[in-house]
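Beneath this line is the structure, given in structure tokens, with notes to follow.
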Amino acid sequence: MEQLEVHNLTKIFGRKRKAALNLVKQQVSKTEILKKTDATVGVYDANFKVKAGEIFVIMGLSGSGKSTLIRMLNRLINPTSGQIYIDGKDVAKMNEEELRQVRREKINMVFQNFGLFPHKTILENTEYGLEVRGVAKEKRRQLAEAALESANLLAFKDQYPNQLSGGMQQRVGLARALANDPDILLMDEAFSALDPLIRRDMQDELLNLQEEKQRTIIFITHDLNEALRIGNRITIMNDGQILQIGTGEEILTNPQNDFIKEFVEDVDRSKVLTAQNIMTAPFTTNIENDGPNVALSRMRVEEVSMLLAVDKRRQLKGSLTAEAALKARKEKLPLTEVIDKNVKTVSPDTLITDIFDLIYDSPTPLAVVNENGRLLGVIIKGRVLEALAVNSSEA
Amino acid sequence: MEQLEVHNLTKIFGRKRKAALNLVKQQVSKTEILKKTDATVGVYDANFKVKAGEIFVIMGLSGSGKSTLIRMLNRLINPTSGQIYIDGKDVAKMNEEELRQVRREKINMVFQNFGLFPHKTILENTEYGLEVRGVAKEKRRQLAEAALESANLLAFKDQYPNQLSGGMQQRVGLARALANDPDILLMDEAFSALDPLIRRDMQDELLNLQEEKQRTIIFITHDLNEALRIGNRITIMNDGQILQIGTGEEILTNPQNDFIKEFVEDVDRSKVLTAQNIMTAPFTTNIENDGPNVALSRMRVEEVSMLLAVDKRRQLKGSLTAEAALKARKEKLPLTEVIDKNVKTVSPDTLITDIFDLIYDSPTPLAVVNENGRLLGVIIKGRVLEALAVNSSEA
Amino acid sequence: MEFVDIFSYKLPIAHLIDQLTNWLTTNCAGFFNLITKGGSALMDFITNGLLFLPPLLLIVLLTIAAYFGSNRHFKLPALTLLGLLFVYNQGLWTGLMNTFTLVLIASLVSIIIGIPLGIWMAKNDKVQAVVKPILDFMQTMPAFVYLIPAVAFFGIGMVPGVFASVIFALPPTVRFTNLGIRQIPKELVEATDAFGSTPKQKLFSLELPMAKPTIWAGINQTIMLALSMVVTASMIGAPGLGKDVLSALQHANIGTGFVAGLALVILAIIIDRFTQKFNQPIQAKPKLTPKQKRKHRVIVGGILAAIILVLGAGNFKSLTQKAKPTVNLGYVDWDSEVASTNVIAQVLRDQGFKVELTSLDNAVLWKSVANGSVDAEVGAWLPTTHGNLYKQYHNNLVDLGPNLKGVKLGLAVPAYMNVNSISDLNDQADKTITGIEPGAGVTAAAKKTLKAYSNLNDWQLSTSSSGAMTVALDKAIKQHQEIVITGWSPHWMFAKYKLKYLTDPKHTMGRSENIHTIVKKNLKTDNPKAYRILNKFTWTEEDMESVMLDINNGMSPQKAAQKWIKAHPKQVKAWVD
Amino acid sequence: MEFVDIFSYKLPIAHLIDQLTNWLTTNCAGFFNLITKGGSALMDFITNGLLFLPPLLLIVLLTIAAYFGSNRHFKLPALTLLGLLFVYNQGLWTGLMNTFTLVLIASLVSIIIGIPLGIWMAKNDKVQAVVKPILDFMQTMPAFVYLIPAVAFFGIGMVPGVFASVIFALPPTVRFTNLGIRQIPKELVEATDAFGSTPKQKLFSLELPMAKPTIWAGINQTIMLALSMVVTASMIGAPGLGKDVLSALQHANIGTGFVAGLALVILAIIIDRFTQKFNQPIQAKPKLTPKQKRKHRVIVGGILAAIILVLGAGNFKSLTQKAKPTVNLGYVDWDSEVASTNVIAQVLRDQGFKVELTSLDNAVLWKSVANGSVDAEVGAWLPTTHGNLYKQYHNNLVDLGPNLKGVKLGLAVPAYMNVNSISDLNDQADKTITGIEPGAGVTAAAKKTLKAYSNLNDWQLSTSSSGAMTVALDKAIKQHQEIVITGWSPHWMFAKYKLKYLTDPKHTMGRSENIHTIVKKNLKTDNPKAYRILNKFTWTEEDMESVMLDINNGMSPQKAAQKWIKAHPKQVKAWVD
Ligand SMILES: Nc1ncnc2c1ncn2[C@@H]1O[C@H](COP(=O)(O)OP(=O)(O)OP(=O)(O)O)[C@@H](O)[C@H]1O
Ligand SMILES: Nc1ncnc2c1ncn2[C@@H]1O[C@H](COP(=O)(O)OP(=O)(O)OP(=O)(O)O)[C@@H](O)[C@H]1O
Ligand SMILES: [Mg+2]
Ligand SMILES: [Mg+2]
């Protein structure tokens, strides 16, 4: 059993729920159903599992049911049908006291509309979750101030929400949930009102926290780059239904239908794809075994003017140009003496965007090595550009 | 006089405004001022002009005063000091009746927090601006329905705002302002809650409308790509002050300080920069004048294996490889006979993102030609990658 | 010490106020008179309209309205029906209608003044600073203080009652309109501002709709306070339930006072529930389609038209009652009267008259014949039972003599009781005579009897109502217990049970009576033909009892009358020739 | 017809209520006594404390409190100072303090009950459905109805006053607490829910703070209504300004009544402004630094301590004062009763008794003597005027016989009217007799008169109140118009205006009456000396009128009584020996 499991979750808003349900089963469109029954399909038949420590991102069109889905997880909205298991217990069947316990201890939320209390100061707002849990006054002040500090709002702690800008309010909502340190965090467009810089900071913060302590996060966003940056898995919804669930790469490289393809079209692939995705097999020479002649003949065969030099354990040692090989042959030097040790290397999970800087004026390809120095592949300019092309047959 | 001019506009929130003003003049930081005086600097000494028909984008950190600035333009916030001229009249000095007239006829707003009326249906909300202006019932229903249609919400017209998702509510706010067809449109993060697809649609919609009828739009966004896509000029604010105003390219290529540089770091340059920005001077041969020898010597001098072939009027005719030139010399053919006419060309304003597809597997560089077929430059892979690199000395 | 002196000098405020009141009374008399005249004309208009409809009809109509108004739920109509029937049953109908008029006008005036004032206060802090203490003044200055100026200005009656009620009841509407508008979220106010709304547009499209729940709560308080002033208003002569309360309490009749108070409460609850309809949460109402809207409008229009029509009719009727070629028969809703009235009504109908039957309280009935609002009644028991009414009104009506001779009053007992004369009574039936209404003639006679017979001097007369008496009788006979009742015949109880009159050697129960026909003064000239028929109408106890029996067996009164007429063609012919 | 029967059977609700009251009174006496004792102890404690400080000192202290409380603005302290000085200047200080205690306790009780009830209603629709009609009931059931049960339960004094006030004043707090909580935006409720708040946490951290403005508006209404009940409460013996108002109005001294009312208004405005401090918009209050907070706490603590100290001191003083046997005299605030009661009170005082005078509504007074909360009264007009009260209570009190013989009831007219006998009346004064309270004896007599005289059978009797009647009389005489009133003497109107009684050939206005002394049942054993004096007390119409005249000329009743006693040593000696 995973930490969070959702089975056949459905929510219909309005009176004629049965009729709407029948129609949705017949694949009638949402607007059609609305016209006919005055009922809105919020979510229909959602199924997924989220592991502890995972960041699970939900994306989809406006009105596709993301908020409805996430709000059913802590039962702010009562599901029309379906089960929600948190640590094996069905939230949909809990009584009030159990539900309260779960909300208090396990699951917190950042609201799309912030949900700040207008009569409480920023600090008091941030303390709220802790207060509810009965944390002692001093302790909770300390935790809340720390959370505000990391949201860069400590200076404003004695102001009231209406004295803050939209983005600042959003960060207060964020700090309030984070201060509470829940197992599961539901974040409904939690970064939408933030500028790029602070947004990046907050993303980093989230990822850092995630390293420290494994939280399960359900994250709604409209920013695919953000989704790809922080999400372990991404799900895409439309008209209340889940269309695809997968890692960012899966979705990007293997969209299940045209809708998803179009949906991810605009993404900045350089921020998603990594060295690993675009590297090609390298032409190498084992400098511990090979002599210059072997190397030169190899170059001829492969029609290249350079090889990467590795040792027996495929540790990258440098690069060997044709000239250097010729020189070694002429002067009878071992290859180890002539290789250029200044090979630019990247790790396999370096983003393409970070490769630009290295590669654009580099005469040699970049070497991709893992943390042990083992050579995995090379990156050539053409491949970089090919990967960024949307319509290339394979990215 | 431009349509909108702002001179020395300043807004300080709180009581001790004088003291805060003195401090801000001494370059004391905003948080410092808040601590000392309990007053917040909203906007300090803003100056800019916006031409009729321009889309003027404001960006900046959360809390940097964007909303405050924009809300002073229609005087929802009264400026502490400064002038705001709309069509030559100072809004800051208007009496109530004049102000009402201006708000009704000239300037409309999309609110960051939507500002929908909970007791009115979507349609009634959308009609509101028209109703205020006294548009006849039938007419206004028609206009409002058209606006809702283009926001893809017509099906929901009889629902109430609290029955809609966040993004849908935002679109209602948008439709309400657009239905009113104002001269000046203030849009405070008007697309922030929209998913990528609908957001792109709405951007297109806005640009289309802008072609039909020249509106002046002041647009706050946190999405640099969006800013670059729709903005004629962009201004960047921090701590209540305007740091830089310029076209997207100016800002991207010539950020005035490190803050702005960092701010624009994350942008997907491939969607901003065009062929023009990255092309290099081409090595050409005038095939009407030059013979194979001239071409070959040129190749030798420039250390390239290929030249672009142009005629006297620098019309691109094709490409000339070294082999082809040798062949021409050998067989005494005119160069016109040996050139490869299949050169890939792009126009100067092609986005880099669209160049990827062409260039990644192209053995030759791309030629940049204008609409008259005149060769302007070439694009080589290295330059493409260099342009995308953030830290390259010049992009 | 100068200081002490200042305090020992009492400011002559009291004197000033006296002078002010005097000045106003003498100098603004014209103005006050105008208001008084206009006000009482309006209120008479409404009350007449309300009283024009028979209570039961009005109750049914209101129940139906409640049914449709509450989206066909059953709570409100049930409440309306039972509550109003209770009031009617307790004989407080006229009071209720008068009170309703008073409260209606007072509330309307309060709302009409209060909402604009509240709006003004909400928009302007200076106005608020000035108005607030005035509101405090209005609510805490005891009503008793301004009752007397109210009388000085407006005389006695409804108008000063409304004046006093408005002073006390106005403030909540003002306060809560103010509060409601001030509580509207700032961002919504900004949204209206940003579109350049005029204050008026802002008011009607944002402020009033959003503040509605709070404003309605204020109006509800206003209505409650207006109702709470009803008793006070009655001190200056405003008619209505307040008078009933006050009069009961002067006699320390807590129970009676409570019942009158309960009628007020019922009115309050019904008004509250009806007005609550306007105070639903913003989005609860389902959106109407244009068709439904049209239907809605037609219904509302229809209801309004009906109300206006009825009000108009009530007043038109009361203005022009003599012009109509109809015969308006009044009757008290007793079995014998129902029988006779229906027979004569049917006879008149057969002669081509339009006959209106109005069931009235006995005193009202006599008053109505006297003032001509009713043409005739055929159930005047004379000389004893209705003797005092006759004495009061005899100058203003015409007595056509008996239509049924030899009805009887007396003490009656079940036949199984072993007693035959009043003077034989000693300790039967717990020494209690079960009587009817305290004001009835037979009650007075029974009292006289108790005094006159020495064997009865430790007996008591337990008055209740005719209904209660028959219930008690039924119960006693079923259980074969002893009971002595005040009886009269014709009455169906004599047909239903074996009863016997006790002989009355001292004749204190009155010798046997006759049932007279009485008509309004100028019926003879207005409608000579009807007058002639009424004048000739005469029948016997058996005739009447046969009709009563039919009715008692479930036949409708009209049918029973028709049946009797068919069976007695000659007798009827004698009347109409 | 069965249907007809149902309606002629009047439900015996009135009877049931009477029985219920009786049952409660006898069976729950212990409980009621407990409340009464506790309540009056508390209220005495507060009032004594307040009255212990010299008024001027208290005024200054309150002004200073206002100054600091209002953040050193000048409006509130100025209002406090001037307002209270005015009250003091008008000699209403004691009344003010008593009223303040009454209103304070009534408001506190209302708030303590009302807010939880309102919260419960807001959370539970079923509770709302049940409570709402009860609130309607509480606000519209006329206070007069429950005054008598209140006396039956709690005797007379502050406690039943608080009881009556709470019934009327409680609903707004409940209603607006309910409304305020229901109006809280849904997204905020969701936010608290999402964090797993318990209902209690939700209440205190969200609902109460957010609903505060609305709840305070409700509390403000509660305070206003409690203040508006002050006069009513005084009818059952609650001391305070209400008494001053009532007494002024019984004499139609509009000005004096107005001034007493004004003192109430001043109290209202000061309370309102002081409580408004709690009701500021959410974010207006500047955040306090810890140091300020500490300072704040010290100040508040100091004030509380001071209050407790003063209250304690005041009560210590009053405790040490009590020793003498008390006699509690009740009276209706009519001129004649004021005169006689003050004379006998002064006589008793001179004999070493501590005498408490309580002015009461007439029905309440009789009830109070009957249940022993009042020892005696010397103004029972028998047999006619108070005949029915006598009949009701005669078993529970002792009639010591007349203390003044030969008072008179009758129809009276201004001397300029050209009519001398009731039988001469024909169309004078719009055929209207201006009467007093509907339940008064003279009203009943006038009704009888209307019936008995055939020339009056189209006349009507317009009942109102004694005060209203004298105003109407005054107005008529000023404008030299015709008026016929129901008169009785001794009454000052005969001294003030030239009036004449109309002769009454049929004696329907009642033969002349006597004024009796009545005492509670066991006075003879409880306080034989007082009983003896009361039993011997008897004087004449001239005696009484001489006292009345002095009072009417502005002498205080006590002074007038002392003067008369001084002038009639022998007569008084006869009473006390
Ligand atoms: N009503 C107010 N009272 C006091 N301070 C305010 C008020 N409104 C805004 N401020 C302050 O002014 C500053 C600028 O706020 P503003 O709303 O203009 O920021 P913004 O640039 O729109 O930010 P965001 O991108 O988060 O919407 C903030 O520091 C904020 O705290
Ligand atoms: N309370 C409600 N009553 C009726 N319909 C609702 C309600 N809440 C949401 N809906 C409907 O459910 C659908 C899904 O709404 P939801 O808020 O989940 O969308 P979302 O995916 O979060 O969109 P967004 O990205 O715009 O926030 C919408 O069509 C909306 O109209
Ligand atoms: Mg959402
Ligand atoms: Mg903003």
Side-chain angles (χ1 to χ4, degrees), chain A residues 13 31 34-35 40 59-68 112-113 155-156 159 163-168 170-171 188-189 192-200 222-225 262-263 266-268 270-271 353 355-361 381-392, chain B residues 13 31 34-35 40 59-68 112-113 155-156 159 163-168 170-171 189 192-200 222-225 262-263 265-268 270-271 353 355-361 381-392:
Chain A
F13 294 101
T31 29
L34 177 64
K35 251 188 221 153
T40 313
M59 298 193 71
L61 288 196
S62 156
S64 60
K66 304 178 297 296
S67 299
T68 307
Q112 185 171 10
N113 57 13
F156 293 87
Q159 299 220 312
Q163 296 178 291
L164 261 52
S165 80
M168 292 158 94
Q170 190 166 55
R171 279 180 281 154
D188 195 349
E189 302 191 21
S192 68
L194 300 182
D195 60 279
L197 281 186
I198 294 183
R199 189 169 191 149
R200 215 185 304 148
H222 286 313
D223 184 344
L224 243 173
N225 292 324
E262 200 189 342
F263 198 82
D266 241 2
V267 75
D268 184 352
S270 70
K271 302 231 171 58
T353 184
I355 289 172
F356 292 149
D357 278 348
L358 301 170
I359 207 174
Y360 74 91
D361 56 355
K381 290 178 194 166
R383 268 302 280 160
V384 173
L385 292 173
E386 185 183 355
L388 295 178
V390 179
N391 295 321
S392 65
Chain B
F13 293 102
T31 31
L34 177 64
K35 253 186 217 154
T40 313
M59 299 193 69
L61 288 196
S62 156
S64 60
K66 305 178 294 299
S67 297
T68 307
Q112 187 169 9
N113 57 13
F156 295 84
Q159 300 219 309
Q163 297 178 292
L164 262 50
S165 80
M168 291 158 95
Q170 191 166 52
R171 280 180 279 154
E189 304 190 19
S192 67
L194 300 182
D195 61 280
L197 281 187
I198 294 184
R199 189 168 191 148
R200 215 184 305 148
H222 287 312
D223 184 343
L224 243 172
N225 291 326
E262 202 188 341
F263 197 84
E265 191 174 282
D266 240 4
V267 77
D268 185 354
S270 71
K271 298 230 173 58
T353 187
I355 290 172
F356 293 147
D357 279 349
L358 301 171
I359 206 171
Y360 73 92
D361 58 354
K381 292 177 190 165
R383 268 302 280 161
V384 172
L385 294 171
E386 182 183 356
L388 296 177
V390 179
N391 295 319
S392 65

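Just so you know, these numbers come straight off a predicted model, no measurement behind them.
Interface remark: of the candidates B:E189, B:M168, B:R200, B:R200 forms the most heavy-atom pairs closer than 4.5 Å to chain A. Residue with the most contacts toward chain A among B:I198, B:D223, B:L385, B:L34: B:L385 (heavy-atom pairs, distance under 4.5 Å). For chain B, the option among A:R171, A:K35, A:R199, A:M59 with the highest count of heavy-atom pairs below 4.5 Å is A:R171.
Under the 3.5 Å distance criterion, the side-chain polar atoms of A:D195 are matched with a main-chain donor or acceptor of B:S62. Checked by atom type and distance alone, the side chain of A:H222 never pairs as donor or acceptor with a backbone atom of B:P196 at under 3.5 Å. Under a 3.5 Å cut-off, the side chain of B:T31 and the backbone N or O of A:A155 do not form any donor-acceptor pair.
Of the atoms belonging to B:F13, not a single heavy atom falls under 4.5 Å from chain A. For a residue to count as touching a neighbouring chain, one of its non-hydrogen atoms must lie under 4.5 Å from one of that chain's; by this rule B:E262 touches chain A with backbone and side chain alike. At a 4.5 Å heavy-atom cutoff, B:S67 makes no contact with chain A through either its backbone or its side chain. Contacts between A:Q170 and chain B at a heavy-atom distance below 4.5 Å are absent for every atom of the residue.
Within the model, atoms OG of B:S64 and CG of A:L197 stand 10.5 Å from one another, a figure rounded to the nearest 0.5 Å. Within the model, atoms CG of A:L194 and CG of B:L61 stand 10.0 Å from one another, a figure rounded to the nearest 0.5 Å.
The ring pair (Phe, Tyr, Trp, His ring centres under 6.0 Å) search around B:F156 returns none, not counting sequence neighbours.
Inter-residue side-chain proximity for B:T40 and A:Q163 is flagged as unmet; no heavy-atom pair is nearer than 4.5 Å. No side-chain heavy atom of B:K381 sits under 4.5 Å from any side-chain heavy atom of A:V384.
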